Amino acid sequence: MTTITVPQVVPSPVEDAEALMKAFQGWGTDEQAVIYILAHRDAAQRKLIRQAYEEKYNELLTDRLQSELSGDLQTAMGYWVLDPTERQAVIANAATKCIDEEYPVIVEIACANSPAELLEVKQAYHAIYKRSLEEDVAAGATGNLRNLLVALVSTYRYDGDEVNGGLARSEAKIIQADVKNGVTADHGELIRVLGTRSRAQLGATFNCFRDEHGTTVTKALLHGSDPTGYARVLRTAARCIADTDKYFAKVLRNAMHKSGTDEESLLRVVVMHAEKDLRAIKDEFHRRASVALEQAIAKETSGDFKTFIMALVGT
């Protein structure tokens with residue numbers, strides 16, 4: 001469920017476009033006015049505002065926002081005004097340029113979306129960049145990391161609830177054989193399973209693994225040293241597939257660690273999920289952190305960025 005609040009009666013797209021232009025004019029940008037409008041319009045309404053703004057002022061609203069805003073608010077608002085699939089394509093493209101550090105972004109887009117949603121993101125990516133997402137992931141990554149990420153973004157999983165118990169038991173054994181040597185293995189079988197099976201089937205397989213070996217797949221991957229970080233990427237993918245809400249709740253907890261706030265991860269999760277499943281993520285965050293997400297964000301952020309993110313998180 002969406003966490004943003006849209007008024008029952010909203011101005012027309014042209015009126016919103018005019019109000020935005022007014023906020024841009026003068027000695028300084030009225031950031032609060034921009035937030036008040038755009039944080040309280042859904043994706044369809046924001047698209048109409050962008051169209052109305054471009055027609056009336058002969059410039060892109062996205063470009064004007066980039067010139068009028070700064071810092072984390074500029075980044076977050078720039079993503080927010082895009083169509084949801086366009087937004088994910090743009091975020092994915094940025095991640096491919098430094099994929100060794102930004103691999104969680106590719107994993108999240110590949111594993112948290114439904115097969116149909118992932119296909120739409122890849123179509124948007126192709127339309128914007130005239131290349132495939134798979135192509136850029138393959139160019140940006142190397143070795144085992146490339147094998148895993150290309151497999152994840154290339155898949156079109158079965159999206160139903162049917163589970164093959166026998167297959168789950170046999171693949172749990174295959175995974176155990178694959179991970180027992182730690183990072184010395186290339187984890188080809190684990191990549192095959194993660195990259196092809198449905199979420200429901202993987203859940204059954206992971207449960208069989210835990211029942212048989214007394215530990216989770218992700219914990220099994222912790223054994224031994226991890227000089228390349230490859231096992232960490234495997235764990236990220238397994239966690240994201242196994243329980244998406246739990247995964248993103250942990251991303252948010254890590255983003256607001258006592259050592260400092262990771263605004264980039266915070267805004268990525270909030271902006272990408274506010275109109276999708278952020279309410280469920282908020283509930284999971286509360287269960288695990290014993291504090292409401294909005295309270296945690298209020299403590300760790302400030303200024304206009306805080307106002308914007310809090311508006312998207314809702315109450």
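For clarity, every value in this text was computed on a predicted model and none was experimentally measured.
A side-chain donor-acceptor contact under 3.5 Å links Glu15 to the backbone of Ser12. The backbone N or O of His126 lies less than 3.5 Å from no partner atom in the side chain of Ser132, so there is not a single donor-acceptor pair. Checking side-chain atoms of Gln74 against main-chain N and O of Gln66 turns up a donor-acceptor pair under 3.5 Å. Of the possible polar contacts, one joining the Arg87 side chain to the Val271 backbone as a donor-acceptor pair under 3.5 Å is found. With Glu275 contributing its side chain and Ala43 its backbone, the two residues share a donor-acceptor pair below 3.5 Å. Of the possible polar contacts, one joining the Thr307 side chain to the Gly303 backbone as a donor-acceptor pair under 3.5 Å is found. Side-chain atoms of Ser265 do not come within 3.5 Å of backbone N or O of Asp262 as any donor-acceptor pair. Judged by distance alone, the side chain of Asp30 and the main-chain N or O of Ala33 form a donor-acceptor pair under 3.5 Å. Between the side chain of Thr29 and the backbone N or O of Glu31 there is no donor-acceptor pair closer than 3.5 Å. The backbone N or O of Gln201 sits less than 3.5 Å from a side-chain atom of Thr205, completing a donor-acceptor pair.
The structure places CG of Leu133 at 5.5 Å from CD1 of Ile106, a figure rounded to the nearest 0.5 Å. The SG atom of Cys111 sits 7.5 Å away from the CG atom of Leu194 when rounded to the nearest 0.5 Å. A distance of 8.0 Å separates CG of Leu69 from CD1 of Ile35, quoted to the nearest 0.5 Å. The line from OH of Tyr230 to CG of Asn144 is 4.5 Å long, rounded to the nearest 0.5 Å. Here CD1 of Ile128 is found 11.0 Å from CZ of Arg131. Values are rounded to the nearest 0.5 Å. Atom-to-atom distance recorded for Ser114:OG and Tyr156:OH is 7.0 Å, nearest 0.5 angstrom.
Side-chain polar atoms of Glu108 and Tyr247 form a donor-acceptor pair below 3.5 angstrom. Judged purely by distance below 3.5 Å, without hydrogens or angles, the side chains of Gln88 and Asn113 pair a donor atom with an acceptor atom. Side-chain contact annotation: Asn93 with Tyr125, donor-acceptor N/O pair under 3.5 Å present. At a cut-off of 3.5 Å, with distance as the only test, a side-chain donor of Thr244 or Arg199 sits close to an acceptor on the other residue.
Residue Ala274 comes nearest to Leu312 through the heavy atom pair CB-O, 4.0 Å, listed as atom of the first residue, atom of the second, then distance. Pairing each heavy atom of Val107 with each of Ala237, the nearest pair is CG1-CA, 3.6 Å. The two residues Ala39 and Trp80 make their nearest non-hydrogen contact at CA-NE1, 4.0 Å. When every heavy atom of Asp83 is checked against every heavy atom of Lys47, the shortest pair comes out as OD1-CD, 3.7 Å. The minimum heavy-atom distance between Ile281 and Ala249, with the atom names listed, is CG2-N, 3.9 Å. Nearest approach of Ala238 to Thr218, heavy atoms of both residues: CB-CG2, 3.8 Å.
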Is there a salt bridge (charged side-chain N to carboxylate O under 4.0 Å, His left out) between Glu284 and Arg288? Walk through the geometry before answering. CA-CA 6 Å; Glu284 186 66 28; Arg288 297 193 168 270; 2.6 Å; yes
Could you walk me through whether Glu59 and Met21 pass the side-chain contact (heavy atoms from CB on, under 4.5 Å) check? CA-CA 11 Å; Glu59 66 175 0; Met21 177 55 78; 3.8 Å; yes
Starting from the C-alpha separation in whole Å, work towards a yes-or-no answer on side-chain contact (heavy atoms from CB on, under 4.5 Å) for Phe305 and Leu267. CA-CA 9 Å; Phe305 176 67; Leu267 72 86; 4.0 Å; yes
Worked check of side chain to side chain donor-acceptor pair (under 3.5 Å) between Glu300 and Thr261: CA-CA 6 Å; Glu300 296 293 332; Thr261 304; 2.9 Å; yes
Test Ile309 against Thr301 for side-chain contact (heavy atoms from CB on, under 4.5 Å), laying out the working first. CA-CA 9 Å; Ile309 292 297; Thr301 58; 5.7 Å; no
Could you go through Leu148 and Tyr103, starting from their C-alpha distance and side-chain angles, then the distance that decides it, and tell me whether this counts as side-chain contact (heavy atoms from CB on, under 4.5 Å)? CA-CA 10 Å; Leu148 173 61; Tyr103 68 84; over 6 Å; no
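Tracing side-chain contacts under 4.5 Å through hydrophobic residues (I, L, V, M, F, W, Y), one never reaches Leu82 starting from Leu119; they form parts of separate clusters. Linking Ile, Leu, Val, Met, Phe, Trp and Tyr residues whenever their side-chain heavy atoms come within less than 4.5 Å places Val10 and Ile4 in a single cluster. Note: the hydrophobic cluster containing Leu118 also contains Val90 (ILVMFWY, side chain heavy atoms under 4.5 Å, direct or indirect links). Connection of Phe209 to Val163 is not established within any shared hydrophobic cluster, with ILVMFWY side chains joined at heavy-atom distances below 4.5 Å, either directly or through further cluster members. Transitive grouping of hydrophobic side chains (ILVMFWY, heavy atoms separated by less than 4.5 Å) brings Ile91 and Tyr129 into a common cluster.
Note: Phe248 and His273 have tilted aromatic rings, judged against thresholds of 30 and 60 degrees for the angle between ring planes.
Within a 6.0 Å sphere centred on CD of Glu264, other residues, nucleotides and ligands contribute 12 heavy atoms or fewer. Within a 6.0 Å radius of NZ in Lys276, more than 12 heavy atoms belonging to other residues, nucleotides or ligands are found.
Sorted by first then second residue, the side-chain hydrogen bond (donor to acceptor under 3.5 Å, both in side chains) pairs that include residues 157-169, not counting sequence neighbours, number zero. Here ring pair (Phe, Tyr, Trp, His ring centres under 6.0 Å) pairs that include residues 41-70, with residues two or more places apart or in two chains, are Tyr53-Tyr57.
Side-chain contact check for Arg279 versus Thr2: every heavy-atom pair is 4.5 Å or farther apart. Under the 4.5 Å side-chain criterion, counting only non-hydrogen atoms from C-beta, Arg239 is not in contact with Asp243. Side-chain contact check for Leu293 versus Leu252: some heavy-atom pair is nearer than 4.5 Å. Looking at heavy atoms from C-beta onward, Gln45 lies in side-chain contact with Val6 at the 4.5 angstrom threshold. Inter-residue side-chain proximity for Leu38 and Leu20 is flagged as met; some heavy-atom pair is nearer than 4.5 Å. Side-chain contact between Leu221 and Thr216: absent, with no pair of heavy atoms (C-beta onward) separated by less than 4.5 Å. Residues Glu54 and Leu61 have side chains not in contact (no heavy-atom distance under 4.5 Å, counting atoms from C-beta outward). Looking at Ile174 and Leu190, their side chains never come closer than 4.5 Å, going by heavy atoms from C-beta outward.
Taking a cutoff of 4.0 Å between a charged side-chain nitrogen and a carboxylate oxygen, Glu55 and Arg50 do not qualify as a salt bridge. Taking the charged nitrogens against the carboxylate oxygens, Lys122 and Glu134 do have a contact shorter than 4.0 Å, which makes a salt bridge. Using a cut-off of 4.0 Å between Lys/Arg side-chain N and Asp/Glu carboxylate O, Lys306 and Asp72 are scored as not salt-bridged. Between Glu68 and Arg64 a salt bridge is recorded (basic side-chain N to carboxylate O distance below 4.0 Å). For the pair Arg192 and Glu171, the salt-bridge criterion is met [side-chain N within less than 4.0 Å of a carboxylate O]. Under 4.0 Å is where a charged nitrogen must lie from a carboxylate oxygen, and between Lys173 and Glu212 no such pair does.
For Lys299, there are no salt bridge (Lys or Arg N to Asp or Glu O under 4.0 Å) partners at least two apart in sequence or on another chain.
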